[in-house]
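Input: a single structure, listed below in C-alpha cells.
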Amino acid sequence: VISWNSLIAGSVQSGHGEEALKLFHQMQLGGITPDLDSWNAVIARCSQDGHNEETLKRFPGMKMAPIKPNPVTIASVLSACARLMALQHGKEVHCHILRNGFESNVFVGSSLVDMYAKCKSVEAARRVFDMLSQRNVVSWNVMITCYAQNRHSDDALKLFHQMQEAGVKPDSATIATVLSISSNLMALQEGKQVHSYIIRHAMDSDVFVRSALVDMYAKCGSIADVQCVFDQSYQRNVAVWNAVIAGHAIHGLGEDALTLFHQMQQSGIKPDHITFTAVLSACSHSGMVSEGWQYFNSMTRDYGVKPSIEDYTCMVNLLGFAGNLDNAHKLISSMPFKPD
RNA sequence: UCCAUCAUUGU
C-alpha cells in the first residue's frame, strides 16, 4: 500500500490527475485495498482539477470501504460542493461532520463556512462561523469573502476589523478581498487606508494585492495612482496586466490600453480570456471599431482564445454606438450563447 | 494525503 501511495502522491504532485486515477484502479486490480492516504490523494486531485462531480461520486464509495474519511478528505469534498454550489450534498457532508466530531478541525470548519458561502447561504455560513471553536486567518477570510461577494460590504468591513481585534493578522488574501470591496464601493479613502496598511506590513510584492490595488485605484477614478502602482510593480503577472488594461479601458484611454496590451506580450506574458475582454472593452469605450474587429478576429485565430459572452457584448456595444446596427444584430444571431 | 479562503473581464 505504501509504495502504491507514493506513486499516487507523485502523480498528484506533478499534476497528473488521470495518472493518479489509473494507479488507484490498478492497485485495486492487484488485490490491494486502498487506505486512507490513497483515497485522500485521489479525492484531493479530483477536487483541485475541477472534477467536482467525480469527487462527490467517490466520497460515498469511500464510506462503503472499511476506512473512514478524515478531515483532509472532508475538506476536499466540501470544496467540490462549494464549486458546484451543491447545497444538498454539502448539508449531507455537514451531518457527517457532526456525527464524526470533525467540527473542531479548522480546515473542516473553514471549508464548511465556504461551502455555505458559495451556495449563497450567508446566514448559514455565519452561523457555522460563529460556532467554530478554532478560527485561523482562512476562516476569517472565508467569511469576509462571503459578505463581500453577496453585497454585504458593511458586514465584511466590520468583520475585517473584528479579525484584527481578535489578534488575527490579515494576509494577502484578506487584503485583496478588502480592496475589492473598496473598488465596488468606489471608496478611495478606504482604499488608501488599506494601501498604507499594505506598505506598513510589506505586503506590496504580492501579485494578488497588486492587481487588487491597481483595480481599486482604477475603479475609484485615480488613474495617476494606477500608473504609479503599476510602475512600481516589478513582478507583473497576467492579472496585474489585465487590471491595468481594464483600468485604462474604463477611463476611455483606449490607445493606452492597446499599448499596454502590446507591452504585456513583449514582456513575455501571454494574454488570457480576461485580457481580451479588457482589450475589447477598451475599444468599445473609445469607439475604436476597426481595432475592435481586429482583436476580436485575432483572439481565436492567433491566440486560440474563444470569445466569451462578455466579448460579444463589447462588440455589440461598439457596433451599436458606432451606428452599425445591422452588424450588431448579425453578431448577436451568430453568438454561440443565449443573449442575456 | 498537506489539504480549505483571495485579485483582474462585458451590461
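Because the structure is a prediction, the values reported are computed rather than measured. Just so we're on the same page: letters track the sequence lines, and every chain starts at 1.
- Residue A/Phe107 places its side chain closer to B/C3 than to any other of B/C3, B/U8, B/U5.
- Picking from B/G10, B/C6, B/A7 the nucleotide with the shortest atom distance to the side chain of A/Asn237 gives B/A7.
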Would you please test A/Lys118 and A/Asp114 for salt bridge (Lys or Arg N to Asp or Glu O under 4.0 Å) and show each step? CA-CA 6 Å; A/Lys118 295 281 158 49; A/Asp114 185 51; 2.9 Å; yes

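- We find that CG of A/Leu318 is positioned 12 Å from P of B/U11, with the value rounded to whole Å.
- For A/Asp311 and B/U8, the CG to P distance is 17 Å, given to the nearest whole Å.
- Residue contacts for A/Ala173: at a heavy-atom cut-off of 4.0 Å it reaches a base atom on one of the strands shown.
- What separates CG of A/Leu36 from P of B/U1 is a distance of 11 Å, to the nearest Å.
- Between the CD1 atom of A/Ile245 and the P atom of B/G10 there is a distance of 13 Å, rounded to whole Å.
- Regarding A/Ile175, its CD1 atom lies at a distance of 11 Å from the C1' atom of B/C6, rounded to whole Å.
- The OG1 atom of A/Thr275 lies 3.5 Å from the CG atom of A/Asn242; values are rounded to the nearest 0.5 Å.
- Considering only side-chain atoms of A/Phe208, the nucleotide from B/C6, B/C3, B/U5 that sits closest is B/C6.
- In this structure, A/Asp171 places its CG atom 12 Å from P of B/A7, rounding to the nearest Å.
- For A/Glu310, the side-chain atoms get nearest to B/G10 when compared with the rest of B/G10, B/U8, B/A4.
- Checking B/U11, B/C3, B/U8 against every side-chain atom of A/Asn317, the shortest atom distance belongs to B/U11.
- Looking at the side chain of A/Ile250, the nearest of the listed nucleotides B/U8, B/A4, B/G10 is B/G10.
- For A/Ser79, the listed nucleotide lying nearest its side chain is B/A4; candidates were B/U11, B/U8, B/A4.
- Between A/Lys219 and B/A7, a side-chain N or O to OP1/OP2 separation shorter than 4.0 Å is absent.
- No donor-acceptor pair under 3.5 Å is formed between the side chain of A/Asp130 and the backbone N or O of A/Arg127.
- Checked for salt-bridge contact, A/Lys219 and A/Asp215 meet the test: a charged N lies under 4.0 Å from a carboxylate O.
- Side-chain proximity of A/Asp215 to B/U8, B/U1, B/U5: nearest is B/U8.
- When heavy atoms are screened at a 4.0 angstrom cut-off, A/Asp340 is found touching base atoms of the nucleic acid.
- The CD1 atom of A/Ile309 sits 18 Å away from the P atom of B/U9 (whole-angstrom rounding).
- With rounding to whole Å, A/His248 atom NE2 is found 15 Å from B/U9 atom P.
- If you check distances only, the side chain of A/Ser211 does reach the base of B/A7 with a donor-acceptor pair under 3.5 Å.
- As judged by a 4.0 angstrom heavy-atom cut-off over every strand, A/Val138 is placed among the base-contacting residues.
- Closest to the side chain of A/Lys118, out of B/U5, B/U8, B/C3, is B/U5.
- Between A/Gln235 and B/A7, a side-chain N or O to OP1/OP2 separation shorter than 4.0 Å is absent.
- Judged by distance alone, the side chain of A/Ser211 and the main-chain N or O of A/Phe208 form a donor-acceptor pair under 3.5 Å.
- No N or O donor and acceptor, one from the side chain of A/Asn105 and one from the base of B/A4, sit under 3.5 Å apart.
- A/Ala239 comes within 4.0 angstrom of a nucleotide base, judged by non-hydrogen atoms across all strands.
- For the pair A/His262 (side chain) and A/Leu258 (backbone), a donor-acceptor distance under 3.5 Å is present.
- Nucleic acid contact class of A/Ser110 (heavy atoms, under 4.0 Å, all strands): base.
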